[in-house]
Participant: 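Just passing along the structure, written as structure tokens.
When reading the values below, keep in mind they use all heavy atoms of this one structure, side chains included, and skip hydrogens, waters and symmetry mates. The sequence lines fix the lettering, A, B, ..., with proteins before strands; numbering per chain opens at 1.
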Number of protein chains: 2
Amino acid sequence: MSEITKHASPSGRPSRRMEPGKAALTRSAILDAGSQFLESRPFRELTVGGLMAATKYSRATFYLYFNDLHGLLETLLDEVKGGIVEGAQAWLSNEGDAVSGLQNSLRSLVDVGYEHGTILKAVSDAAPSDARLEHVWETFLSSFDEVVSARISRDQAEGFTPEFDPLLVARALNRMDAGFLIRAFGSHPKAEKESVFSAISHIWLATLNPFDTQTLDGFKSNGSAENS
Amino acid sequence: MSEITKHASPSGRPSRRMEPGKAALTRSAILDAGSQFLESRPFRELTVGGLMAATKYSRATFYLYFNDLHGLLETLLDEVKGGIVEGAQAWLSNEGDAVSGLQNSLRSLVDVGYEHGTILKAVSDAAPSDARLEHVWETFLSSFDEVVSARISRDQAEGFTPEFDPLLVARALNRMDAGFLIRAFGSHPKAEKESVFSAISHIWLATLNPFDTQTLDGFKSNGSAENS
DNA sequence: CAGTTGTTCTAACAGAATGTCAGAAATCAC
DNA sequence: GTGATTTCTGACATTCTGTTAGAACAACTG
């Protein structure tokens, strides 16, 4: 979806054998080296030369598998995408009550952020310097806007959620998630998961379900960072 | 504060005459050209050569006044800083009631965002590619975290605001503002001011002043985008 | 106005990274 | 082994960056 695998079938017909495939291995090796690099250093310090020095291949080889460093990030992002959408599903469809469904979704969002924070930060860092990656990233973020907005509309119709422009509020909340999670988990040392969840969760609930008992409970007593 | 003005006094003593100053003019001309460029095109397309072609000076001249393109952005950001801090002052000190004070602050924040959106986007775009600018930008954002957090703590002590970790919630809300405003006003066509204010305002109020009458009013009737 | 001084600017250079391409090397099929 | 295919590399052209030595200019001084 992201990068054109140039070597899949150089001539028209499909290559006879498609086993582990040496090419696939090389590609993986490059992706791994990239992932690992970004675990400890920012995207701006990543160069094709430096990256390939960490593999047993030459610099030119990189261009056989990716158009450029942004292309590599695009691939890395694809690998993360799955997890996020999946975890949020519960709330987005109407399963369970709104509040705890939302909490579950946010919980899993925080989990993914914690897990893949450095990749997300790298993509968000790299996006502004490349039109194509910027578009991919923006589309990725926007996709949440639409689906969250839809859920808000439903809750508004039911009277669970106050009236306001669902799309804009969804967009604001999603930008908050992105910015806050990347800030919290984008580089080491990572923030504490539970406090991050607690803060985000408060804001979403206060905004979307201010009348709900659970939300109000959270307001009266202490719903923030547990005595860690 | 941001860039070293190398030519101010090349020898130790201050230069005798400091009138319009030809150097200052040149510097301004470059800043203007930069501003104007960013009004219509993203930072990634800005090069020193291209920038200086829009002035009557040579490429090398650029380096007499700025270290690099990031340095130029740092200067541009400085010019915007003032306006933001100023507008928020009302709420941050305790003048008037919390809710309308907050609304005023947010209103003026949205104004500044609308006014200087393209610069803010450029800085936020450029920051990840330069350690120094990244630090400046991060410090800029964090400065709001602290001061907002302080105000929240006060309101919590008074019982106006629910209990939660003030710093983390402040950070999340501020990241939301930054991301959302840049998204809304960072490039043309700009979003509608009033709707943006309305959305942001809703979230802040719901989070910080859920018990307040004005907030609750906003919840019952329609507080979002006025029939423009 | 000719000399002196300091300021402002530029042409030319050296370096770092990118992306391409012709062909070398490895691998496979028979 | 030999030929075909896949995988890889050295070498090149390009683009942008940041520096430096000195040219052009302006202003004041005697």
Participant: Output the rounded distance in Å from CG (B:Leu25) to C1' (C:dC9).
Facilitator: 15 Å

Participant: Please list, in numerical order, the residues of residues 47-62 of chain B that have a heavy atom closer than 4.0 Å to any atom of DNA chain C.
Facilitator: B:Lys56, B:Tyr57, B:Ser58, B:Ala60, B:Thr61

Participant: Report yes if at least one side-chain N or O of B:Tyr63 is closer than 4.0 Å to OP1 or OP2 of D:dT20; otherwise report no.
Facilitator: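 Answer no for this pair, as no side-chain N or O of B:Tyr63 is under 4.0 Å from OP1 or OP2.
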
Participant: What is the separation between atom CZ on A:Arg44 and atom C1' on C:dA16, rounded to the nearest whole Å?
Facilitator: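 Spelled out: CZ on A:Arg44 to C1' on C:dA16 is 17 Å.
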
Participant: Which pairs pass salt bridge (Lys or Arg N to Asp or Glu O under 4.0 Å) with one or both residues in residues 118-127 of chain A, sequence neighbours excluded?
Facilitator: A:Lys121-A:Asp125, A:Lys121-B:Glu134

Participant: Polar pairs (N or O, both sides) under 3.5 Å between protein and nucleotides 21-26 of chain D?
Facilitator:
none

Participant: Can you list, in residue-number order, the parts of residues 32-42 of chain B that come under 4.0 Å of DNA chain D, counting heavy atoms only?
Facilitator: none

Participant: In whole angstroms, how far is the P atom of D:dT15 from the CG atom of A:Asp68?
Facilitator: 17 Å

Participant: With sequence neighbours left out, write down each residue that passes side-chain hydrogen bond (donor to acceptor under 3.5 Å, both in side chains) with B:Asp130, or none if nothing qualifies.
Facilitator: none

Participant: Can you sort out the partners of B:Trp204 under side-chain hydrogen bond (donor to acceptor under 3.5 Å, both in side chains), two or more places apart, ordered by chain and number?
Facilitator: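 Only B:Asp177 meet the side-chain hydrogen bond (donor to acceptor under 3.5 Å, both in side chains) criterion with B:Trp204.
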
Participant: Please collect all side-chain hydrogen bond (donor to acceptor under 3.5 Å, both in side chains) contacts where either partner lies in residues 109-118 of chain A, sequence neighbours excluded, each pair once.
Facilitator: A:Glu39-A:Thr118, A:Asp111-A:Lys193

Participant: Who pairs with A:Phe180 by ring pair (Phe, Tyr, Trp, His ring centres under 6.0 Å), at least two apart in sequence or on another chain?
Facilitator: none

Participant: Between C:dC21 atom P and A:Leu64 atom CG, what is the distance in whole Å?
Facilitator: 12 Å

Participant: Does a donor on one side chain and an acceptor on the other come within less than 3.5 Å for B:Glu146 and B:Ser149?
Facilitator: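 Short answer, no.
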
Participant: Output the rounded distance in Å from CD (A:Glu45) to P (C:dA16).
Facilitator: 16 Å

Participant: Using a strict cut-off of less than 4.0 Å between a Lys/Arg side-chain nitrogen and an Asp/Glu carboxylate oxygen, indicate whether B:Glu194 and B:Arg107 qualify as a salt bridge.
Facilitator: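 Counted as a salt bridge, because a side-chain N and a carboxylate O are separated by less than 4.0 Å.
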
Participant: Which residue pairs pass the ring-ring contact (aromatic ring centres under 6.0 Å, His included) test with at least one member in residues 119-145 of chain B, sequence neighbours excluded?
Facilitator: B:Trp137-B:Phe140, B:Phe140-B:Phe144

Participant: With a 4.0 Å limit, can you tell me whether A:Thr26 has a side-chain N or O closer than that to the phosphate oxygens OP1/OP2 of D:dC8?
Facilitator: yes

Participant: Categorize B:Leu46 for me: base, sugar-phosphate, or nothing, with a 4.0 angstrom heavy-atom threshold over every strand shown.
Facilitator: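 Result for B:Leu46 = nothing.
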
Participant: Under 3.5 Å, sequence neighbours excluded: what are the donor-acceptor pairs made by side chains of residues 51-60 of chain B?
Facilitator:
| unit_1 | atom_1 | unit_2 | atom_2 | d |
| --- | --- | --- | --- | --- |
| B:Thr55 | OG1 | B:Met52 | O | 2.8 |
| B:Thr55 | OG1 | B:Tyr57 | N | 3.1 |
| B:Ser58 | OG | B:Ala60 | N | 3.3 |
| B:Ser58 | OG | B:Thr61 | OG1 | 3.4 |

Participant: Using the test side-chain contact (heavy atoms from CB on, under 4.5 Å), find all partners of B:Ser35 that sit at least two apart in sequence or belong to another chain.
Facilitator: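 In terms of side-chain contact (heavy atoms from CB on, under 4.5 Å), with neighbours along the sequence ignored, B:Ser35 is linked to B:Leu76, B:Ile119.
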
Participant: For A:Phe43, what residues pass the ring pair (Phe, Tyr, Trp, His ring centres under 6.0 Å) criterion, not counting sequence neighbours?
Facilitator: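 Partners of A:Phe43 under the ring pair (Phe, Tyr, Trp, His ring centres under 6.0 Å) test: A:His70.
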
